[in-house]
Amino acid sequence: MDSGKQSVISIKDLKMNYGSKEVLKGINLEIQGGEIIGYIGPNGAGKSTTLKILLGLINGYQGEIKLFGNDINVNPVEYKKKIGYVPETAQMYDTLSAREYLTFIGEIYGLKYELVDYKAKQLMKLFGIGDAYEARISSFSKGMKQKVLIISSLIHNPDILFFDEPLSGLDANSVMIFKEIITELAEQGKTIFYSSHIMDVVEKISNRIILIKDGVIVADGSFQELQAMSKEGSLEEIFNQLTGFNQYKEIAESFISVLKEG
Ligand SMILES: Nc1ncnc2c1ncn2[C@@H]1O[C@H](COP(=O)(O)OP(=O)(O)OP(=O)(O)O)[C@@H](O)[C@H]1O
């Protein structure tokens, strides 16, 4: 995709090995502001590894990565202020209260305590957990913790959002709120990089879907383009076809017959 505009995210020939295992084998991507990228692929395909490299959490890769036109190794502190991240599994400081945790994160991003305290409280209220603002995170349900994580990724109003399975534990109403937030943020020009296994959500919210398998991109286009290419109906079916998977019935039957043994 070359619109003449500077890419918000530019990835050139990204490769990553863990020991002798090649996890990413040459990823090339140009992503513009306002795009919602659904980043999908089978377990172990290299999705989280890509996100962690983009976030500067893993080194030792080959290739070139630019965010807002700047290499991520130059001035890494500055570019991180423009990024929000919801990890697949998070280590939270759960002996802290939500207030302590969110104000701590906000201050790391350079926000004044009073402002981040106000914003955090309002956002928790809007997510239906305002009453828990002073409670310790260790007492929260899974969905409540996930809401705190989502708030912590957005509180500094970043320009790029990386979400790794962000809906984990959220109830259906909260999922609707979250999807609406994502859509509106993209309309304001933010870039969303969304990795998930929940295909119907990816199908609905993404305006571009990138499928990786064994560390390479095997499809890149809108849902309609992927549909036309693979002649399949839903994204789940497209995913099954492009990842060469069509034995789910046989595997389920074998699984059940093993259960019955003995
Ligand atoms: N720290 C590590 N050391 C060694 N191998 C790793 C490490 N992290 C990831 N891997 C391997 O790299 C491969 C890609 O992992 P990654 O977590 O990026 O996959 P993924 O696409 O996010 O998978 P999932 O959908 O299961 O979350 C896997 O084979 C994994 O075992």
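Atoms within a ligand are numbered from 1 in the order they appear, just like the ligands themselves. What you see is a predicted model, and the numbers here were worked out from it, not measured in a lab. The figures here come from the full heavy-atom set of this structure, side chains too, leaving out hydrogens, waters and symmetry mates.
Contact residues of ligand 1 (protein heavy atom closer than 4.0 angstrom to a ligand atom; sorted by chain and number): Tyr18, Lys21, Val23, Pro42, Asn43, Gly44, Ala45, Gly46, Lys47, Ser48, Thr49, Glu88, His197.
In this structure, Asp214 has no side chain to side chain donor-acceptor pair (under 3.5 Å) partners at least two apart in sequence or on a different chain.
Legend: side-chain hydrogen bond (donor to acceptor under 3.5 Å, both in side chains) pairs involving residues 180-195, not counting sequence neighbours, sorted by first then second residue: Asn157-Lys190.
Cation-pi contact between Lys82 and Phe68: present, with separation from the ring centre below 6.0 Å and deviation from the ring axis of at most 45°.
Grouping Ile, Leu, Val, Met, Phe, Trp and Tyr residues whose side-chain heavy atoms lie under 4.5 Å apart, directly or via other members, leaves Met176 alone, with no other cluster members.
Note on Asp220 versus Arg208: salt bridge recorded, some NZ/NE/NH1/NH2 to OD/OE distance being below 4.0 Å.
Between the side chain of Ser168 and the backbone N or O of Glu165, no donor-acceptor pair lies under 3.5 Å.
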